[in-house]
Structures are given as C-alpha cells and as structure tokens.
Visitor: 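Handing you this structure, nothing more for now.
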Amino acid sequence: MQQAVAVVKSSSDYHTNGEWVITDARHDSTANAYHSTVPCLAGSTRRIVGICSISRPEHRIAQTREVECTRVVLPQVIARGLNVTEVAHDNQVQVKKYVCEELGLLNSYDTWHGTKNVAKELRKICRGTVRSRDVTWFTQLSDKARKTKVHLYWCMKNCNGNPDDLRAKIMNISKHFQVGFIHNY
C-alpha cells in the first residue's frame with residue numbers, strides 16, 4: 001500500500017490539491033455479518049491505500065462497524081504521508097460526522113449512492129397501473145430512468161469537480177430525449 005501512496009504522490013496534481021479517497025464497507029453476509037472490511041481507495045488512481053477489517057468479537061454490531069473501520073483506516077492512510085483532503089463514502093451519517101468534525105476534511109457521497117435515489121424516484125413516475133397512467137406515471141418516461149442514471153454518472157465523471165459545470169450537464173438531460181438532438185461537446 002505504501003507503493004500505491006507513492007504513485008498518488010508522484011502525480012502533478014497531488015502537490016497542489018492533495019488527494020480525495022473513497023471508502024465503503026464490505027460485509028461477509030447481508031445480515032448480522034461476522035466480518036466487515038473497509039478499503040480506502042485513492043480517488044485519482046483507484047489503488048488501495050489502506051484497509052481495515054473488524055470481526056464480531058472486536059465490535060458486536062455489524063451496522064456500526066463501518067464507522068469503526070473508517071476511524072482506523074483514515075488515520076492509517078494519513079500516517080502513510082498521504083495528504084487526504086476529501087473523503088467520499090456511502091450515505092453514512094456517523095462517517096460524515098467523523099470526517100467533517102473530527103478530521104476536518106471535506107465530505108462527499110460516492111456516485112452510486114448519489115444516483116440511487118434519483119433512479120428510484122424516477123421509477124415512480126415511469127411505471128404504474130393502467131388506471132393511474134397519465135395521472136401519476138407517464139408512458140413517455142418508461143425507458144428514461146436507466147438512461148437518466150447513466151447520464152448522471154457521465155456528468156459526475158466529466159464535470160472536473162466544477163459544481164456549475166455539473167449542474168449545467170445535468171440540466172442538459174431533457175435535450176437528450178428530444179428528437180434530433182446532437183452533442184456539441
């Protein structure tokens with residue numbers, strides 16, 4: 001992992017901006033897991049720069065092991081000399097509190113969790129019963145939920161961290177569904 005840290009530090013962008021990392025818990029089963037692991041990946045290289053595993057004897061409650069692992073893995077990564085400036089993770093309130101209040105770092109949510117609820121809400125207006133057609137859901141939108149989610153991923157990947165650019169790209173989605181639309185970028 002020290003080699004992965006060295007690769008991140010060798011990039012030209014690192015010296016001015018530091019590095020953002022992404023963490024997410026993995027459990028050995030869906031309910032009442034015995035083992036939980038939180039890897040920490042460098043955002044720029046997607047290489048593992050830290051990892052923490054905790055089992056039931058060390059921490060009984062599987063649902064809160066993510067916070068405990070994060071409390072171990074982030075200081076571990078920082079101790080390796082990585083200038084961590086931002087942490088992306090799933091929508092875990094306790095992790096956000098730790099990252100922001102205790103470490104003083106920027107907090108972000110990973111792209112999957114960022115788009116999950118959008119697609120879920122879109123599905124509500126994309127399908128339904130025959131009786132509620134054109135009242136609470138619309139057939140014209142029936143194939144748009146997945147395409148919208150893919151577009152959101154593309155927007156996040158191509159906005160270069162600029163919120164205004166991200167917003168403009170997201171707002172452009174309606175044009176994609178118009179007949180004869182051609183990309184101009």
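Computed from a prediction, not measured in an experiment: that's the story for all the values here. Computed over heavy atoms, backbone and side chain alike; hydrogens, waters and symmetry mates excluded. Positions are given from 1, in the same order as the sequence printed here.
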Visitor: Find the distance between CE (M156) and CG (L166) and round it off to the nearest 0.5 Å.
Guide: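 One gets 7.5 Å once the value is rounded to the nearest 0.5 Å.
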
Visitor: Looking at T70, D110, N107, which hits side chain to side chain donor-acceptor pair (under 3.5 Å) with H89?
Guide: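 Among T70, D110, N107, the one meeting side chain to side chain donor-acceptor pair (under 3.5 Å) with H89 is N107.
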
Visitor: How about I51 and V38: do any of their side-chain heavy atoms sit closer than 4.5 Å?
Guide: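 No - every pair of side-chain heavy atoms lies 4.5 Å or more apart.
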
Visitor: What verdict does the side-chain contact (heavy atoms from CB on, under 4.5 Å) test give for V7 and R47, after you've listed the backbone C-alpha separation in whole Å, the side-chain angles of each residue and the deciding distance to 0.1 Å?
Guide: CA-CA 9 Å; V7 169; R47 290 181 180 219; 3.6 Å; yes

Visitor: Is there a side-chain contact between V84 and L105 (heavy atoms, below 4.5 Å)?
Guide: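 Answer yes - side chains close enough.
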
Visitor: Determine, step by step, whether K169 and N158 satisfy the side-chain contact (heavy atoms from CB on, under 4.5 Å) criterion, reporting the C-alpha distance in whole Å, the side-chain angles of both residues, the deciding distance to 0.1 Å, and the verdict.
Guide: CA-CA 9 Å; K169 287 180 184 330; N158 293 289; 4.3 Å; yes

Visitor: Rounded at 0.5 Å granularity, tell me how far CG in L122 sits from NZ in K147.
Guide: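 Between L122 CG and K147 NZ, I get 13.0 Å after rounding to 0.5 Å.
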
Visitor: Of all residues at least two apart in sequence or in a different chain, which pass the salt bridge (Lys or Arg N to Asp or Glu O under 4.0 Å) check with R71?
Guide: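 Expected list: E102.
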
Visitor: Does N160 reach the main-chain N or O of N162 with its side chain, forming a donor-acceptor pair under 3.5 Å?
Guide: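 Pair absent, no side-chain N/O of N160 close to backbone of N162.
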
Visitor: Using side-chain contact (heavy atoms from CB on, under 4.5 Å), reason through V150 and T115 one step at a time and then give a plain yes or no.
Guide: CA-CA 9 Å; V150 168; T115 61; over 6 Å; no

Visitor: Just wondering, do W154 and C159 contact through their side chains at under 4.5 Å, heavy atoms?
Guide: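 When only atoms from C-beta onward are counted, W154 and C159 do not touch, as no gap falls below 4.5 Å.
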
Visitor: Can you name the nearest heavy-atom pair linking I54 to R65, along with the distance?
Guide: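 Nearest heavy atoms, I54 then R65: O-CD, 3.7 Å.
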
Visitor: Y14 side chain to N83 main-chain N or O, any donor-acceptor pair under 3.5 Å?
Guide: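 Judged by distance alone, yes, a pair lies under 3.5 Å.
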
Visitor: Does some side-chain heavy atom of T85 sit less than 4.5 Å from a side-chain heavy atom of N17?
Guide: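 When only atoms from C-beta onward are counted, T85 and N17 do not touch, as no gap falls below 4.5 Å.
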
Visitor: Using the rule given for side-chain hydrogen bond (donor to acceptor under 3.5 Å, both in side chains), can you reason through S44 versus E19, listing the C-alpha separation, both sets of side-chain angles and the distance that settles it, and then say yes or no?
Guide: CA-CA 7 Å; S44 63; E19 180 67 10; 2.9 Å; yes

Visitor: Quick check: closest heavy atoms across P39 and D24, and the distance to 0.1 Å?
Guide: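 Where P39 meets D24 most closely, the heavy atoms are CD-O, 3.1 Å.
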
Visitor: Side-chain donor-acceptor contacts of residues 92-99 below 3.5 Å, not counting sequence neighbours, with atom names and distances?
Guide:
from	atom 1	to	atom 2	distance (Å)
Q92	OE1	Q94	N	3.3

Visitor: Would the distance check show the side chain of D28 and the main-chain N or O of A33 forming a donor-acceptor pair, the cut-off being under 3.5 Å?
Guide: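 A pair under 3.5 Å: no.
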
Visitor: Between E121 (side chain) and V118 (backbone), is there a donor-acceptor pair under 3.5 Å?
Guide: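 No, the answer is negative, given that no donor and acceptor are paired below the 3.5 Å cut-off.
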
Visitor: Roughly how far apart are C69 SG and Q76 CD, rounded to 0.5 Å?
Guide: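 Between atom SG of C69 and atom CD of Q76 there are 10.0 Å.
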
Visitor: Here's a test for you: under side chain to side chain contact (heavy atoms under 4.5 Å, CB included), which of I48, T23, V49, V5 qualifies with V77?
Guide: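 Exactly one option meets the side chain to side chain contact (heavy atoms under 4.5 Å, CB included) with V77, and it is V49.
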
Visitor: How many angstroms lie between OG1 in T111 and CG in L152, if you round to the nearest 0.5 Å?
Guide: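 Between atom OG1 of T111 and atom CG of L152 there are 10.5 Å.
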
Visitor: Between S55 and H35, what is the shortest heavy-atom contact and its length?
Guide: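 Looking at all heavy atoms of both residues, the shortest contact is OG-ND1, 2.7 Å.
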
Visitor: Of the options H59, Q63, H27, E68, which is the one that meets S36 in a side chain to side chain donor-acceptor pair (under 3.5 Å)?
Guide: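 Only one of H59, Q63, H27, E68 forms a side chain to side chain donor-acceptor pair (under 3.5 Å) with S36, namely H27.
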
Visitor: Testing the basics here: between R80 and G50, what is the closest heavy-atom pair and its distance to 0.1 Å?
Guide: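 Heavy atoms of R80 and G50 come nearest at NH1-CA, 3.6 Å.
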
Visitor: Is any side-chain heavy atom of I22 less than 4.5 Å from a side-chain heavy atom of W20?
Guide: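 The answer is yes; the side chains approach within 4.5 Å.
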
Visitor: Mind running side-chain contact (heavy atoms from CB on, under 4.5 Å) on V21 and L41 for me, showing each step along the way?
Guide: CA-CA 5 Å; V21 296; L41 283 77; over 6 Å; no

Visitor: Over all heavy atoms of both residues, which pair between C40 and L74 is shortest? Give the atoms and the distance, please.
Guide: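 It is SG-CD2, 4.2 Å.
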
Visitor: Are the charged groups of R167 and D165 less than 4.0 angstrom apart, N to O?
Guide: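 A salt bridge is absent here (no side-chain N lies under 4.0 Å from a carboxylate O).
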
Visitor: If you count every heavy atom of other residues, nucleotides or ligands that lies below 6.0 Å from R56 atom CZ, does the total exceed 12?
Guide: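 Atom CZ in R56 is packed in, count exceeds 12.
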
